[in-house]
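Both backbone and side-chain heavy atoms feed into the values below; hydrogens, waters and symmetry mates do not.
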Amino acid sequence: MVAVLATGADATNPLSALEVGRAPRPDPPTHWSVVDVRAASLNHHDLWSLRGVGLPAGRLPMVLGTDAAGVTGEGHEVVVHAVVGATGHGVGPTEHRSLLSELHPGTLAEQVAVPSWNLVPKPPGISFEEAACLPTSWLTAYRMLFTSARLRPGDRVLVQGAGGGVSTAAVLIGAAAGLEVVVTSRDAGKRERALSLGAAHAVESGARLPFRVDAVLETVGAATWSHSIRSVRPGGTVVVAGATTGDAPAAELTRIFFQEISVIGATMGSKEDLESLLRLLVRTGVRPVIDTVVPLGRAPEAFARMVSGEHFGKIVLTV
C-alpha cells in the first residue's frame with residue numbers, strides 16, 4: 001500500500017528523511033482492527049519523528065502519522081484514538097504507552113491497524129477531513145483546557161502562538177465554552193484571524209497582557225516560556241504540550257514557587273476526552289479550521305508547508 005515513511009533521521013533537515021513509498025498492509029493481531037483511511041492530518045510529532053526524536057534507527061522505516069478517520073471492514077465510520085497501550089487494550093502487559101508511528105505504524109497510509117478499543121464512532125455531521133484533525137491537536141487542546149487546567153466558563157486563558165493546530169483548536173473550543181481567550185502571534189494576519197474565530201484579545205508575542213490569566217496553554221517552548229510564567233496569575237496553571245522552539249528555557253523557578261504556579265504536562269488525551277470533544281463539536285457546530293487538503297501522494301508538499309509555518313489550522317492528506 002502507499003504510505004508516507006520516515007526512512008532516516010535528520011535533525012536539521014527533517015524533510016530529507018521523508019519518503020512516499022510502499023509499506024506492507026496491516027496484519028492485525030487479536031483485538032485489533034484495520035481501518036481504511038479516508039483522511040489523515042499532519043502534526044509536529046511527525047517532524048520530530050523525522051528528526052529522530054522517539055524513533056530510533058531500529059524501527060525504520062516507519063509509517064508516520066497519528067491522526068486519521070476512516071472506515072472499518074464492517075463499514076463503520078470511525079475516528080482513530082492514537083494513544084496505544086495506556087489502558088492495556090490490545091497490547092501485552094509490558095508495553096508502555098506510545099503514539100501511533102512510534103512503536104506501531106501510523107496513519108499516513110491507505111490503511112492503519114489499531115486496537116479495536118481505540119475506535120470511536122464518527123458523527124455523521126463531521127466530515128472525514130474534519131474528523132482527521134481531532135485526535136492529536138484538537139484532543140490536546142480539549143484536555144489542556146478542561147482536564148489539565150480545569151477551566152470554567154468566564155475564566156481567562158492565554159494561548160501562545162496563533163495559527164498552529166493546538167492553538168486554533170483552543171481558540172475555537174475555548175470561546176464556544178465561554179472562556180475569555182487571549183492569543184499571541186508575531187504575525188498581524190494570524191492575530192486578526194484568531195480574533196475572527198472567537199479570541200477576545202490578540203497581542204504581539206511577548207507583549208504585556210491587559211490582565212493576568214487563569215491558565216496558559218504552552219506549546220511553543222523556549223521562545224515564550226518566560227512570557228507564559230509572567231502572564232499567569234498567582235496560583236494559576238501553565239499547561240505544557242509541546243516545545244517547538246526548544247525544551248530548555250530558563251526555568252523561572254523563583255516566580256513559580258513564590259506565586260504558587262502549577263506547571264502540568266499534557267500529551268493528547270484519553271478516549272473519553274475524544275468522545276467528549278466529538279459531542280462538543282456536534283452540539284456547538286464548531287469545526288476544525290483546515291488550511292490545506294492534498295492527496296496522500298503529495299505529502300512532501302504538505303510537510304513543506306508545515307515546516308514553513310505559514311499555515312493557519314490543520315493540513316490534511318486524503319486517501
> Do you know which two heavy atoms are closest between Val238 and Ser228, and how far apart they sit?
Replying inline: CG2-O, 4.4 Å
> Where the side chain of Thr72 meets the backbone of His76, is there a donor-acceptor pair that is under 3.5 Å apart?
Replying inline: yes
> Looking at Val2 and Glu110, what are the two nearest heavy atoms and their distance?
Replying inline: N-OE1, 3.0 Å
> For Ser270 and Asp273, does a side-chain donor sit closer than 3.5 Å to a side-chain acceptor?
Replying inline: yes
> Quick one: CZ on Arg150 to OG1 on Thr237, what's the gap to the nearest 0.5 Å?
Replying inline: 7.0 Å
> About how many Å separate CZ of Phe312 and CG of Asp187, when rounded to the nearest 0.5 Å?
Replying inline: 9.5 Å
>> Do Phe303 and Ile315 have side chains that approach each other closer than 4.5 Å (heavy atoms only, starting at C-beta)?
In response: no
> Taking the side chain as C-beta and beyond, is there a heavy-atom pair between Val220 and Trp225 under 4.5 Å?
Replying inline: no
>> Please check: side-chain N/O of Asp10 versus main-chain N/O of Arg51, any donor-acceptor pairing under 3.5 Å?
In response: no
> Does any donor atom in the side chain of Gln160 or Thr219 lie under 3.5 Å from an acceptor atom in the other side chain?
Replying inline: no
> According to the interplanar angle, ranging from 0 to 90°, do the rings of His44 and His311 count as parallel (below 30°), tilted (30 to 60°) or perpendicular (above 60°)?
Replying inline: tilted
> Looking at CG of Leu64 and CD of Glu102, how far apart are the two atoms once the value is rounded to the nearest 0.5 Å?
Replying inline: 11.0 Å
>> Please check if the number of heavy atoms outside Asp247 that lie under 6.0 Å from its CG is greater than 12.
In response: no
>> Using only atom types and a distance under 3.5 Å, with no angle test, would you say the side chain of Ser167 pairs donor to acceptor with the backbone of Gly164?
In response: yes
> Would a 4.5 Å heavy-atom cut-off, applied to side chains only, mark Val78 and Val120 as touching?
Replying inline: no
>> If you compare all heavy atoms of Pro288 against all heavy atoms of Leu281, which two are closest, and at what distance to 0.1 Å?
In response: CD-CD2, 4.2 Å
> What are the two closest heavy atoms between Ala162 and Lys190, and how far apart are they?
Replying inline: O-CD, 3.6 Å
> Which value, rounded to the nearest 0.5 Å, describes the distance between Leu317 atom CG and Leu42 atom CG?
Replying inline: 5.0 Å
> Ignoring hydrogens and geometry, is there a side-chain-to-backbone donor-acceptor pair from Thr7 to Glu19 under 3.5 Å?
Replying inline: no
>> Using every non-hydrogen atom in the two residues, find where Lys122 and Ser127 come nearest and quote the distance to one decimal.
In response: CD-O, 4.2 Å
> Salt bridge or not for Arg305 and Asp291, using N-O below 4.0 Å?
Replying inline: yes
>> On a heavy-atom basis, which atom in Gly65 and which in Leu108 lie closest, and how many Å separate them?
In response: CA-CG, 3.6 Å
> How would you list, by chain and number, every residue that makes a side chain to side chain donor-acceptor pair (under 3.5 Å) with Gln111, sequence neighbours excluded?
Replying inline: Arg25, Asp36
>> As an exercise, state the distance from NE2 of His81 to CG of Leu274, rounded to the nearest 0.5 Å.
In response: 6.0 Å
> Do Ile261 and Ile229 have side chains that get closer than 4.5 Å, going by heavy atoms?
Replying inline: yes
> Does the pair Glu204/Arg191 count as a salt bridge with the N-to-O cut at 4.0 Å?
Replying inline: yes
> Do Val239 and Val216 come within less than 4.5 Å of each other through their side chains, counting heavy atoms only?
Replying inline: no
> What distance do Arg156 atom CZ and Leu209 atom CG have between them, rounded to the nearest 0.5 Å?
Replying inline: 10.0 Å
> Any link between Ile264 and Val166 through a network of hydrophobic side chains (Ile, Leu, Val, Met, Phe, Trp, Tyr) touching at under 4.5 Å?
Replying inline: no
> Between Thr66 (side chain) and Leu99 (backbone), is there a donor-acceptor pair under 3.5 Å?
Replying inline: no
> Looking only at atom types and distance, does a side-chain atom of Thr245 sit under 3.5 Å from a main-chain N or O of Ala222, one as donor and one as acceptor?
Replying inline: yes
> Does the side chain of Arg287 come within less than 4.5 Å of Leu172's, by heavy atoms?
Replying inline: no
> If you count the non-hydrogen atoms of other residues, nucleotides and ligands that lie under 6.0 Å from CZ in Arg255, is the total more than 12?
Replying inline: yes
> Would you call Arg38 and Glu77 a salt bridge, using N to O less than 4.0 angstrom?
Replying inline: no
>> Just so I know, are the side chains of Val114 and Val84 near enough to count as touching, which here means a heavy-atom distance under 4.5 Å?
In response: no
>> Set out, in order, the CA-CA distance, both residues' side-chain angles and the distance that settles side-chain contact (heavy atoms from CB on, under 4.5 Å) for Ile290 and Val316, then state yes or no.
In response: CA-CA 7 Å; Ile290 296 176; Val316 177; 4.0 Å; yes
> With distance as the sole criterion, is a donor-acceptor pair present between the side chains of Arg279 and Ser276 under 3.5 Å?
Replying inline: yes
> Any side-chain donor-acceptor pair under 3.5 Å between Thr107 and Asp67?
Replying inline: no
> So which pairs with a foot in residues 207-218 pass salt bridge (charged side-chain N to carboxylate O under 4.0 Å, His left out), sequence neighbours left out?
Replying inline: Asp214-Arg233
>> Is it the case that the side chain of His201 and the backbone of Val181 share a donor-acceptor pair, with hydrogens and angles ignored and the cut-off at 3.5 Å?
In response: no
> So, does Thr184 use its side chain to make a donor-acceptor pair with the main chain of Val203 at under 3.5 Å?
Replying inline: no
>> Before we go on, tell me: are the rings of His104 and Trp32 under 6.0 Å apart, centre to centre?
In response: yes
> Do Ser33 and Ser116 have a side chain donor and acceptor closer than 3.5 Å?
Replying inline: yes
